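Everything quoted here is computed from the prediction, not taken from an experiment. Hydrogens, waters and symmetry mates are skipped; everything else that's a heavy atom, side chains included, is used. Naming: A, B, ... by sequence-line order, numbering from 1 per chain.
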There are 2 protein chains.
Amino acid sequence: MARPASIEEEELIARLSSVFRDVGYEGASLAMLSEATGLQRASLYHRFPGGKQQMATEVLTSAIEWTRINVVGPLTREGDLSKRLAEARANLREIYDSGSKSCLLNMLMAPRNLGGPFAPAIKTAFGALIDAFAHFAREAGHRDGAARKAGRRALTLIQGSLVLSRGLQDPRPFREALNALEAELFPQRGEA
Amino acid sequence: MARPASIEEEELIARLSSVFRDVGYEGASLAMLSEATGLQRASLYHRFPGGKQQMATEVLTSAIEWTRINVVGPLTREGDLSKRLAEARANLREIYDSGSKSCLLNMLMAPRNLGGPFAPAIKTAFGALIDAFAHFAREAGHRDGAARKAGRRALTLIQGSLVLSRGLQDPRPFREALNALEAELFPQRGEA
DNA sequence: TTGACATTACCGAACGACCGGTATAATTCA
DNA sequence: TGAATTATACCGGTCGTTCGGTAATGTCAA
């Protein structure tokens, strides 16, 4: 068909993702993206005719898909609750490198802060994650309202701990947040 | 002395801060900063010979000072615990506009993600906030280790809720986080 | 097999626009 | 006036983007 790509789509997206996660959308220059991927700027435009914005969009789509599979999946499928939560937690720990890497959803929020091109996707992604956590909490014995609150809290803890861990350069907040998930999602003594 | 400044230092910093909070350091152009302040670029350089970086540094310093006075202060001074916490909460709610505005410390973390020019100040600021919350938790009856953990958790909730509230365009996570502070910092039945 | 040709992947060079920053003249007030 | 402040014009550099061209691969008829 065509000359074999020197870099496959998947790896390409991964490398672009790494840049956007590190420096954000505005901070990511074509020079950086070129260097990170090994492709010249013009070559990037061959793969992504829509330019930088398309790159970020595809990276974002890929990240959301990853979340759907590796977090929402375990939280909402059938099976042992503890195992499912442990799996989601392990996946989160890996992708955030124990808290040293930031969340793409947070890094892409800045551009034109409200109404930016990524805002709808981010909103949907956050919503899906909260729903998944809430579904899990519901299944774990929480009542509806409390389950939704627990879902929001779970995601709040994760996002906040990523901010803190990066700012303090200390993995502890992220680790503590992951460990706290169990207590957050399973009703404790005295809770409904 | 000199011609009366058409805009005072305090207001100037506030307007610069607003831009950096909205679009981050890389996203803030001198054109934006000029328009937000009503000052021409050259005038900004008269006030800030160090350029954009100095503007961001002074904005950051000002924000940290604000935090020291309006959050750390109430949390660590003497007096009724509930009143002090309520005051800190009210100040937080106001500066974050009920969750619709983002945290400067988070927005200035991106530039050269690790080892950036703002990283040390951010680290110190986060540390001071955690210490203040921990001090409060300790005073509220928590034991040392638990108090420090509660301090980290309090800041984690605030930062995470800001991320969520902005991403979801929904003030609820931030409001819930503020409301949760009491339960986080005061030992609950069953806790040490 | 071979040659013609379309398709694809990639790159070098250049574009206009805007970046952060500066020099200098005009303006404004004590 | 003289000092402080602003306004204007400009600088080199980098931004995101585009274009023309080259090399590699695939198709297919001869």
Side-chain angles (χ1 to χ4, degrees), chain A residues 1-60 104 107-108 110-113 116-118, chain B residues 1-60 104 107-108 110-113 116-118:
Chain A
M1 209 214 302
R3 166 184 176 185
S6 64
I7 182 173
E8 324 84 334
E9 178 84 2
E10 200 175 344
E11 177 69 12
L12 181 57
I13 294 286
R15 301 210 189 175
L16 293 176
S17 175
S18 165
V19 176
F20 283 119
R21 258 177 24 150
D22 281 348
V23 300
Y25 182 76
E26 331 267 6
S29 70
L30 270 278
M32 280 189 210
L33 298 167
S34 167
E35 203 226 335
T37 57
L39 292 175
Q40 296 294 344
R41 264 159 297 176
S43 304
L44 286 174
Y45 270 81
H46 174 68
R47 309 272 198 121
F48 306 92
K52 184 175 163 180
Q53 177 160 330
Q54 185 184 348
M55 299 183 214
T57 299
E58 295 206 11
V59 159
L60 180 55
L104 190 67
M107 295 305 275
L108 290 184
R112 227 210 109 218
N113 207 337
F118 313 117
Chain B
M1 208 214 308
R3 167 185 175 183
S6 63
I7 182 173
E8 326 82 335
E9 176 83 4
E10 201 175 343
E11 178 68 13
L12 180 57
I13 294 287
R15 302 211 188 172
L16 293 176
S17 176
S18 164
V19 175
F20 284 120
R21 273 206 330 183
D22 282 348
V23 299
Y25 182 77
E26 332 267 5
S29 70
L30 287 206
M32 280 188 208
L33 298 168
S34 166
E35 202 224 337
T37 57
L39 266 43
Q40 298 293 346
R41 261 160 301 176
S43 307
L44 285 174
Y45 272 84
H46 175 71
R47 310 269 198 121
F48 306 93
K52 184 174 163 180
Q53 177 160 328
Q54 183 184 349
M55 298 183 215
T57 299
E58 296 206 11
V59 159
L60 180 56
L104 189 68
M107 296 305 275
L108 290 183
R112 228 211 106 222
N113 208 337
F118 313 117

**Student:** Select one nucleotide: of dT6(D), dC10(C), dG20(C), the one nearest the side-chain heavy atoms of L39(B).
**Tutor:** dT6(D)
**Student:** Expressed in angstrom and rounded to an integer, what is the separation of K52(A) atom NZ from dT14(D) atom P?
**Tutor:** 16 Å
**Student:** Between dG16(D), dA9(C), dG21(C), spot the one nearest the side chain of R47(A), thanks.
**Tutor:**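 Out of dG16(D), dA9(C), dG21(C), the nucleotide with an atom closest to R47(A)'s side chain is dA9(C).
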**Student:** For dT5(D), does either OP1 or OP2 sit under 4.0 Å from a side-chain N or O belonging to S43(B)?
**Tutor:** no
**Student:** Kindly indicate, with the supporting measurements, whether the criterion side chain to side chain contact (heavy atoms under 4.5 Å, CB included) is fulfilled by V59(A) and M55(A).
**Tutor:** CA-CA 6 Å; V59(A) 159; M55(A) 299 183 214; 5.5 Å; no
**Student:** Using only atom types and a distance under 3.5 Å, with no angle test, would you say the side chain of S17(A) pairs donor to acceptor with the backbone of I13(A)?
**Tutor:** no
**Student:** Separation of R41(B) atom CZ from dC19(C) atom P, in whole Å?
**Tutor:** 8 Å
**Student:** Could you give the CG-to-C1' distance, from L44(A) to dC19(D), as a whole number of Å?
**Tutor:** 16 Å
**Student:** How close or far is atom P of dT18(D) from atom CZ of F48(A), stated in whole angstroms?
**Tutor:**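 Taking CZ of F48(A) and P of dT18(D), I get 15 Å after rounding.
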**Student:** Consider the side chain of L30(A), meaning its heavy atoms from C-beta on, and name the nucleotide among dA9(C), dG12(C), dG16(D) that approaches it most closely.
**Tutor:**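 Between dA9(C), dG12(C), dG16(D), the one nearest the side chain of L30(A) would be dG16(D).
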**Student:** Between Q54(B) (CD) and dG20(C) (P), how many Å, whole number?
**Tutor:** 15 Å
**Student:** Quick one, R15(A) with S18(A), criterion side chain to side chain contact (heavy atoms under 4.5 Å, CB included). Give me CA distance, side-chain angles, the key distance, then yes/no.
**Tutor:** CA-CA 5 Å; R15(A) 301 210 189 175; S18(A) 165; 5.6 Å; no
**Student:** May I ask you to verify if any side-chain N or O of Y45(A) is less than 4.0 angstrom from the OP1 or OP2 atom of dT18(D)?
**Tutor:**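 Checking dT18(D) against Y45(A), no side-chain N or O comes under 4.0 Å of OP1 or OP2.
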**Student:** Both A31(A) and H46(B) contact DNA chain D. Which one's nearest nucleotide lies toward the 5' end?
**Tutor:**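 Comparing both residues, the 5'-ward one is H46(B).
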**Student:** To the closest 0.5 Å, what do you measure between CD (Q54(B)) and CG (L16(B))?
**Tutor:**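 Rounded to the nearest 0.5 Å, the CD-CG separation comes to 10.5 Å.
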**Student:** Please determine, for the side chain of Q40(B), which listed nucleotide (dG20(C), dT8(D), dC10(C)) has the closest atom?
**Tutor:** dT8(D)
**Student:** Using whole Å, report how far CE of M32(A) lies from C1' of dG16(D).
**Tutor:**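 About 14 Å, once rounded to whole Å.
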**Student:** Could you check A42(A) against E26(A) and say which one's nearest nucleotide on DNA chain D is further toward the 5' end?
**Tutor:**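 By nearest-heavy-atom nucleotide position, the 5'-most residue is E26(A).
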**Student:** Under the criterion side chain to side chain contact (heavy atoms under 4.5 Å, CB included), I'd like the reasoning laid out for L33(A) against F48(A): C-alpha separation, chi angles, the key distance, then a yes or no.
**Tutor:** CA-CA 12 Å; L33(A) 298 167; F48(A) 306 92; over 6 Å; no
